[in-house]
Amino acid sequence: MSKTLVVLLGPTGIGKSDLSINLAKYFNTEIISSDSRQVYRELSIGTAVPPPEDLQQVKHHLIHSHSIYDYYSASKFEQDVLKILDDLFKEKNVVIMTGGSMLYIDAVCKGIDDIPDADPKLREQLIQEYNEKGIEHLRITLKRLDPVFYEQVDLKNHKRLLHAIEICLIIGKPYSSLRTGNAKKRPFNIIKLGLKREREELYDRINKRVDQMIEMGQIEEARKVYPLRHLNSLNTVGYKELFSYFDREISLEKAIELIKRNTRHYAKKQLTWFRKDEEINWFHPDEENQIIHFIESKLS
RNA sequence: GGUGCCAUAGCUCAGUUGGUAGAGCAAUGGACUGAAAAUCCAUGUGUCCCUGGUUCGAUUCCAGGUGGCACCA
């Protein structure tokens, strides 16, 4: 029997976690989380990590597996997942991957080009240059280092410019020379399942979940990591807004309102990304039986 | 019951000395290859409460109605 990775995706708050546990039980398998923030062990409430009793029911991978101090990326995620899958497929025919981090999901399903890791010192230096000299400086630098990519890149997005420049400097040739855009072949089948609800209902669930997070102690969780607020891993919805509250820039009420709005925006962005992926088979979260039948029809 | 004030975008409101309208917030569409819950781009939203009158023309002025608020009974 061929090996199959079932990818359960959808916007935040749609109801992926509960369904993934049921599916994992049904197929007697384990779950890999594809969530760029649940990997951090210092974060739980604000990243909506499932409660311990849920995590105990089925073995989960890549939840609380790293520290907020660690440098993590889509590429590292790809490597981590492939290693875990290699292991799991020795025993299992089906593995479930669930989460909503779009780029991370694509890194596993389609692969990501072979590009060296960013050098923290160089990045810091480039960020400082950007802060001092502005985006036009980045544009000029990139145009000189990689005129091909310069024509393709969003010239208003400093992160894209900065990353291209740092890679050019590290490898000593244009960043675009490493960008193939080719999908990698995987030694297993992939089934993508997308979960969908009415937009209004989704937003309602998100708003209520934020209120629940606050009740569960999200303010305290954020306060604990507040001294580390400069870390990229903490540039995250549910934390950055509370940091502003701790700084007395906004009221607590305002912070909660912003967490709700920013989470809704995130969900919308996820929907935009997933919409163009024609490999996704869409279901309502309540259609568990149909989903199981669908998966079984694809296993052979 | 009487008097006064109000009625404009999903919400809070501004405005039109009469030529059918705009802010904030919310919302919507999109981009995306090692920072991605990040970063970046774009976009409106309308029986101006209803009916009649005056007027070339009314969301704007007038009258009546309806609803809301306040005060008086």
Side-chain angles (χ1 to χ4, degrees), chain A residues 11-13 33-40 43 45-49 66 68-80 99-120 122-124 126-127 130 135 138-139 149 152-168 170-171 175-184 199-200 202-203 206-207 209-210 213 218 222 230-243 253-254 257-277:
Chain A
T12 187
S33 164
S34 49
D35 188 301
S36 70
R37 302 293 135 143
Q38 290 183 359
V39 296
Y40 299 116
L43 314 179
I45 299 171
T47 52
V49 168
H66 295 71
I68 52 176
Y69 293 99
D70 295 339
Y71 172 78
Y72 204 63
S73 68
S75 166
K76 289 193 181 299
F77 179 77
E78 176 196 24
Q79 292 162 26
D80 285 346
S101 297
M102 305 88 86
L103 183 62
Y104 283 29
I105 294 168
D106 278 0
V108 170
C109 296
K110 300 176 185 167
I112 197 163
D113 284 331
D114 217 14
I115 290 169
D117 279 348
D119 172 34
L122 176 60
R123 175 168 289 185
E124 206 173 307
L126 288 170
I127 288 171
Y130 165 61
I135 197 159
L138 295 183
R139 291 186 191 134
F149 189 64
Q152 303 165 356
V153 71
D154 175 0
L155 291 170
K156 290 181 176 167
N157 192 329
H158 72 273
K159 286 198 178 187
R160 300 270 152 70
L161 297 172
L162 225 146
H163 179 243
I165 291 169
E166 68 186 357
I167 297 303
C168 290
I170 288 169
I171 63 176
Y175 169 56
S176 55
S177 66
L178 295 187
R179 283 164 55 86
T180 69
N182 295 338
K184 290 181 187 167
R199 185 73 63 99
E200 205 177 329
L202 176 65
Y203 283 4
I206 287 172
N207 294 339
R209 194 178 70 174
V210 171
M213 284 177 178
Q218 173 58 12
H230 59 279
L231 293 174
N232 174 65
S233 48
L234 293 175
N235 183 192
T236 298
V237 176
Y239 297 86
K240 56 185 176 184
E241 300 86 354
L242 287 171
F243 296 158
E253 203 179 31
K254 182 71 180 171
E257 202 181 300
L258 286 176
I259 293 172
K260 289 177 181 173
R261 187 202 63 187
N262 291 340
T263 307
R264 293 194 298 268
H265 285 176
Y266 174 49
K268 194 165 92 68
K269 232 163 49 177
Q270 291 173 302
L271 290 169
T272 298
W273 183 292
F274 295 142
R275 201 173 291 144
K276 69 182 176 189
D277 187 342

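With rounding to whole Å, Leu155(A) atom CG is found 14 Å from U39(B) atom C1'. The separation between Lys240(A) atom NZ and A36(B) atom P is 12 Å, rounded to whole Å. Per the geometry, CG belonging to Asn207(A) stands 18 Å off P belonging to C25(B), to the nearest Å. Taking atom OH on Tyr104(A) and atom P on A35(B), their separation rounds to 9 Å, with Å as the unit. Distance NE2 (His163(A)) to C1' (A35(B)): 9 Å, rounded to an integer number of Å. A straight line from CG of Asn157(A) to P of G34(B) spans 11 Å, rounded to a whole angstrom. Atom NZ in Lys269(A) sits about 10 Å away from atom C1' in C32(B), given to the nearest Å. The distance between atom CZ of Arg264(A) and atom C1' of G29(B), rounded to the nearest whole Å, is 17 Å.
In this structure, Tyr40(A) has its ring center at least 6.0 angstrom away from the ring center of His66(A).
Counting only Watson-Crick or G-U wobble pairs whose defining distances are both under 3.5 Å, the stems of 3 or more consecutive pairs in RNA chain B are B:1-7 with B:66-72, B:10-13 with B:22-25, B:27-31 with B:39-43, B:49-53 with B:61-65.
For the residue pair Tyr104(A)/Asp80(A), the side-chain donor-acceptor check at 3.5 Å is not satisfied.
The salt bridge (Lys or Arg N to Asp or Glu O under 4.0 Å) contacts involving residues 230-243 of chain A comprise nothing, where partners must be two or more places apart or lie in separate chains.
When the nucleotides U28(B), A36(B), A27(B) are ranked by their closest atom to the side chain of Arg199(A), U28(B) comes out on top. For Ile115(A), whose side chain is taken as the heavy atoms from C-beta onward, the closest listed nucleotide among G34(B), G29(B), G30(B) is G34(B). For Trp273(A), taking side-chain heavy atoms from C-beta onward, the closest of the listed nucleotides G34(B), G30(B), A36(B) is A36(B). Nearest nucleotide to the side chain of Lys268(A), out of C32(B), G34(B), G29(B): G29(B). The side chain of Tyr175(A) approaches G34(B) more closely than any other nucleotide in the set C40(B), G34(B), A36(B).
Among residues two or more places apart in sequence or in another chain, the side chain to side chain donor-acceptor pair (under 3.5 Å) test is passed with Asp117(A) by Lys76(A). Here Ile115(A) pairs with Asp113(A), Ile167(A), Tyr175(A), Leu178(A) under the side chain to side chain contact (heavy atoms under 4.5 Å, CB included) rule; sequence neighbours left out. For Lys260(A), the side chain to side chain contact (heavy atoms under 4.5 Å, CB included) criterion is met by Asn207(A), Val210(A), Asp211(A), Ile256(A), Arg264(A), not counting sequence neighbours. Remark: Leu126(A) engages Leu122(A), Glu129(A), Leu162(A), Ile165(A), Glu166(A), Leu169(A) in a side chain to side chain contact (heavy atoms under 4.5 Å, CB included) (not counting sequence neighbours).
Nucleic acid contact class of Thr263(A) (heavy atoms, under 4.0 Å, all strands): none. Using a 4.0 Å heavy-atom cutoff across all strands shown, Arg261(A) reaches sugar-phosphate atoms only and no base atom. At the heavy-atom level, Asn182(A) lies under 4.0 Å from base atoms of the strands shown. Ile127(A) comes within 4.0 angstrom of a nucleotide base, judged by non-hydrogen atoms across all strands. No engagement by Tyr239(A) is indicated, since no non-hydrogen atom pair under 4.0 Å with the nucleic acid exists. Looking at heavy-atom distances under 4.0 Å, Asp35(A) makes contact with a base. Among the protein residues, Asn235(A) comes within range of the sugar-phosphate backbone only, with heavy atoms under 4.0 Å from sugar or phosphate atoms but none that close to a base.
For the pair Val237(A) and Glu78(A), both in contact range of RNA chain B, the more 5′-proximal nearest nucleotide belongs to Glu78(A). Nearer to the 5' terminus of RNA chain B, by closest-nucleotide assignment, is the contact made by Lys260(A) (compared with the other of Lys260(A) and Gln270(A)).
Both the sub-6.0 Å distance and the 45° axial angle are satisfied by Lys276(A) relative to the ring of Trp273(A).
For G10(B), the base adopts the anti conformation, since its glycosidic angle falls more than 90 degrees from zero.
U43(B) and C25(B) have their P atoms separated by 16 Å, given to the nearest Å.
Counting all heavy atoms, side chain and backbone alike, Ala267(A) lies closest to Thr12(A) at CB-CG2, 4.0 Å.
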